[in-house]
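In what follows, every heavy atom counts, from backbone to side chain, and hydrogens, waters and symmetry copies are set aside. For clarity, every value in this text was computed on a predicted model and none was experimentally measured. We count residues from 1, following the sequence as given.
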Amino acid sequence: MKKRRVRNNIRKLRFHHDEMTQEQLAEKVGVTRQTIIAIEQGKYSPSLELAFRIALVFNVPLGEVFSYEPEDDAN
């Protein structure tokens, strides 16, 4: 069975929203800048509530921010 991974477009969305900083996004959704960094890097998967809050900031459907895709096989 293939592993799956949550991917996101937060960095691209920030850029297209007046180059919003990680700090600005963090303030809007009520988390730390470090949390936004970890999510963007794929090191942390946000709660469903946080994922929706991020999508609302950008005024896009959840599926435009996050996707769940197969991970590349390392072997």
*Could you tell me whether Glu40 and Arg14 make a salt bridge, using a distance below 4.0 angstrom between a side-chain N and a carboxylate O?*
yes

Taking the side chain as C-beta and beyond, is there a heavy-atom pair between [X] and [Y] under 4.5 Å?
{"X": "Phe58", "Y": "His16", "result": "no"}
{"X": "Phe66", "Y": "Pro46", "result": "yes"}
{"X": "Asn9", "Y": "Val65", "result": "no"}

*Side-chain heavy atoms under 4.5 angstrom apart, residues restricted to Ile, Leu, Val, Met, Phe, Trp, Tyr: same cluster for Tyr44 and Ile36?*
yes

_Please check this pair: side chain of Gln41 against backbone of Ala38, looking for a donor-acceptor N/O pair closer than 3.5 Å._
no

_Gap between atom OG1 of Thr32 and atom CD of Glu23 - 0.5 Å precision_ = 8.5 Å

*Measure the spacing between CD1 of Ile10 and NE2 of His17 and express it to the nearest 0.5 Å.*
12.5 Å

*Evaluation steps, side chain to side chain contact (heavy atoms under 4.5 Å, CB included), between Val57 and Met20*: CA-CA 11 Å; Val57 165; Met20 180 187 296; 3.9 Å; yes

*Take Val6 and Ile39, measure what side chain to side chain contact (heavy atoms under 4.5 Å, CB included) needs, and give me the verdict at the end.*
CA-CA 9 Å; Val6 174; Ile39 294 169; over 6 Å; no

*Locate the shortest heavy-atom distance separating Arg5 from Gly42; write the atom from each residue and the value.*
NH2-CA, 3.7 Å

_Where Leu62 and Ala51 come nearest, the two heavy atoms and their spacing_ = CD1-O, 3.4 Å

_Test log, rule side chain to side chain contact (heavy atoms under 4.5 Å, CB included), inputs Gln22 and Ile37_ = CA-CA 7 Å; Gln22 291 168 329; Ile37 291 168; 3.4 Å; yes

*Have a look at Ile54 and tell me which of Leu13, Val60, Asn8, Val29 forms a side-chain contact (heavy atoms from CB on, under 4.5 Å) with it.*
Val29

*Report the C-alpha distance between Arg53 and Val31 in whole Å, list the side-chain angles of each, state the deciding distance to 0.1 Å, and finish with yes or no for side chain to side chain contact (heavy atoms under 4.5 Å, CB included).*
CA-CA 11 Å; Arg53 288 196 318 244; Val31 297; 4.2 Å; yes

